[in-house]
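What follows is a single structure, written as structure tokens, with notes after it.
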Amino acid sequence: MNYRSTRDVSVNVTSAKAISQGLSSEGGLFVPENLPKLTEEKIKAMCEMSYAERAYEVFRLFLTDFTDDEIRHCVNSAYSDKNFATENIAEISHLLTGTYILELWHGPTCAFKDMALQILPYLLTCSAKKTISDKKISILVATSGDTGKAALEGFKDVEGTSITVFYPEDGVSVMQKRQMTTQEGSNVNVCAVVGNFDDCQNGVKAIFTDENMIAELEKANTVFSSANSINWGRLAPQIIYYVSSYVQLLKDGELNFGDKLNVVVPTGNFGNILAAFYAKQMGIPIGKLICASNANNILTDFINTGIYDRNRPFYTTVSPSMDILISSNLERLLYHLTGEDDKLINEWFGKLKTEGKYEVNDNVKASLKEFFYAGCCDDKQTKDTIKKVFDEYSYLMDTHTAVAYKVYEDYKAATGDTTKTLIASTANPYKFGYAVYEALGEDATDIDEFELIGRLEKLTGTTCPKALSDTKDKEIRFTGSVEAKDMSKVVIEFINK
Ligand SMILES: *Cc1c(COP(=O)(O)O)cnc(C)c1O
């Protein structure tokens, strides 16, 4: 299995190269040249397997240049109960008949990013050995909050690597900031940026292709790589929990083989929902892919009209991990929906760069409608949903999951579709404690973040994960903040330290 670039189909590289490089040199994203199929027999056989074993079965189809031992080492190191608070790794909660919550936040940083970032360092160091053996790897991350912490936890003290994380100064939750600025490890660096997530992401992309930087790197015998979901090594692990969920529901007797399962995903950079699309293309009987957005509803508009237009206000919301106007992984979807037409992708993404806007053709519009449903909700609706679900089911959702739940309710009302449905729950509610506490009708003004944890526990009878409450006693190690234009200086300084 080799990998192409969305902007140049003549590019043809191994998975090790795609993962160690992150982004193709002409700016395209790496995509598998075809999507391997999982047969009915294989899917059924997976019922008796652990999460790590299911992961192995999926990875061996995509990482054909890895040895079996290498893949086993990666999956066993990442998906063990040492790193995850639940043996199932991805836990399914049954909210009501036919509606399942896929809890993807039982990893060390309490957000779904752990599902991929616990394994990425293993995939990356293994890939690097095959491709750039003597060089050090410098990971650059732009984060809207959760990726940063998950990447730091994944890469801390991993030999031959170092990691720099940039986050928007006022764009992350109090707990997210605390998690990142208290990060331990000898190879980590964290810096705030005066700007929003898109500024961070653009800054990182610019550093990747900056001539000066490349010269500095040569001197330090280092190469850049990315832990953002533009990296195939981030995306592939996300396919696994959709495969595993279907298998688990089959095993639990909730589904018969072939029954459709809708999937609802609270979406930002389009990585998570794209992984569900890939699982469907591989033969998992997934029905509608329901794309849920917050007030930054550029994807809702795009899926409904075929016009992607970023010329619009940017909102800071209570679901900050979805406060994004440029969803990078959409490029991969469009590459597939156009029948791998790199010319169209160049045309559209060129327009996005120059005019901030593009419109897809009628074929793609029809495919978008066929595969997806899209909806959005604002902060008030998000909070109302948290309260309503808690009152009705005693189930406490975070703000992102609540967006997904609300859009799913709208979907059911609009379509009458009663297909069984899996809602991706992307973060533990304590990561966004203030908003969740307020959603339950309480006043959070002037309450210290740890006092808040105690109150939320008392109010809801739930327990804050230790990984979050423990940050209280940790030293704040990173206090720096820079203008977006100065991000490269931070990187150079750190590399030469
Ligand atoms: C990253 C994130 C999202 C968005 O996921 P994408 O793959 O970027 O679409 C949603 N919710 C939470 C909690 C996240 O951390």
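Start at 1 and go down the list; that is how both ligands and their atoms are numbered.
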Does ligand 1 have a heavy atom under 4.0 Å from the side chain of F112, from its backbone, from both, or from neither?
side chain
May I ask you to check if ligand 1 and N269 share an N or O to N or O distance below 3.5 Å?
yes
Just checking, is any N or O donor in the side chain of K149 or Q176 under 3.5 Å from an acceptor N or O on the other one?
no
Can you see whether S127 engages S20 through a side-chain donor-acceptor pair at a distance of less than 3.5 angstrom?
no
D398 N/O to ligand 1 N/O under 3.5 Å:
no
Protein residue, atom and distance nearest to atom 11 (N) of ligand 1, heavy-atom basis
T426 OG1, 2.8 Å
Side-chain H-bond candidate by donor/acceptor type, S469 with Y430, under 3.5 Å:
no
Under 6.0 Å between ring centres, would you say that holds for Y308 and W348?
no
Please determine whether a side-chain nitrogen of the Lys or Arg among D301 and R312 lies less than 4.0 Å from a carboxylate oxygen of the Asp or Glu.
yes
Go through the side-chain N and O atoms of T109 and E153 and say whether any donor and acceptor fall under 3.5 Å apart.
no
Quick one: which ligand 1 atoms are inside 4.0 Å of a heavy atom on D146?
12 (C), 13 (C), 14 (C), 15 (O)
Look at ligand 1 and say whether S229 reaches it with a heavy atom at a distance under 4.0 Å.
no
Name the closest protein heavy atom to atom 7 (O) of ligand 1, giving the residue it belongs to and the distance to 0.1 Å.
N272 N, 2.9 Å
Could you tell me which atoms of ligand 1, counted from 1 in the order shown, lie closer than 4.0 angstrom to a heavy atom of M322?
10 (C)
Determine, stepwise, if the pair N272 / Y242 fulfils side-chain hydrogen bond (donor to acceptor under 3.5 Å, both in side chains).
CA-CA 10 Å; N272 200 357; Y242 290 111; 2.8 Å; yes
Measure up the Y358 and F349 rings against each other and bin them: parallel (under 30°), tilted (30 to 60°), perpendicular (over 60°).
tilted
Looking only at distance, does T267 have an N or O less than 3.5 Å from an N or O of ligand 1?
no
Residue among F30, Y3, Y278, W232 satisfying ring-ring contact (aromatic ring centres under 6.0 Å, His included) with F62:
W232
Around atom 9 (O) of ligand 1, find the nearest protein heavy atom and jot down its residue, atom name and distance.
G268 N, 2.7 Å
Any N or O of F432 closer than 3.5 Å to N or O of ligand 1
no
Check whether any N or O atom of G271, backbone or side chain, sits under 3.5 Å from an N or O atom of ligand 1, and answer yes or no.
yes
Examine the side chains of D323 and N294 and answer whether a donor and an acceptor come within less than 3.5 Å of each other.
yes
Nearest neighbour in protein (non-hydrogen) for atom 10 (C) of ligand 1
P266 O, 3.5 Å
What are the atoms of ligand 1, with element, lying closer than 4.0 Å to any heavy atom of A427?
13 (C)
Any luck finding a side-chain donor-acceptor pair between T419 and D417 under 3.5 Å?
yes
At under 4.0 Å between heavy atoms, is it the side chain or the backbone of K113 that contacts ligand 1, or both, or neither?
side chain
Just which atoms of ligand 1 are under 4.0 Å from any heavy atom in F270?
6 (P), 8 (O), 9 (O)
Can an N or O of H400 be found at a distance shorter than 3.5 Å from an N or O of ligand 1?
no
Please confirm whether I324 comes within less than 3.5 Å of ligand 1 when only nitrogen or oxygen atoms on both sides are compared.
no
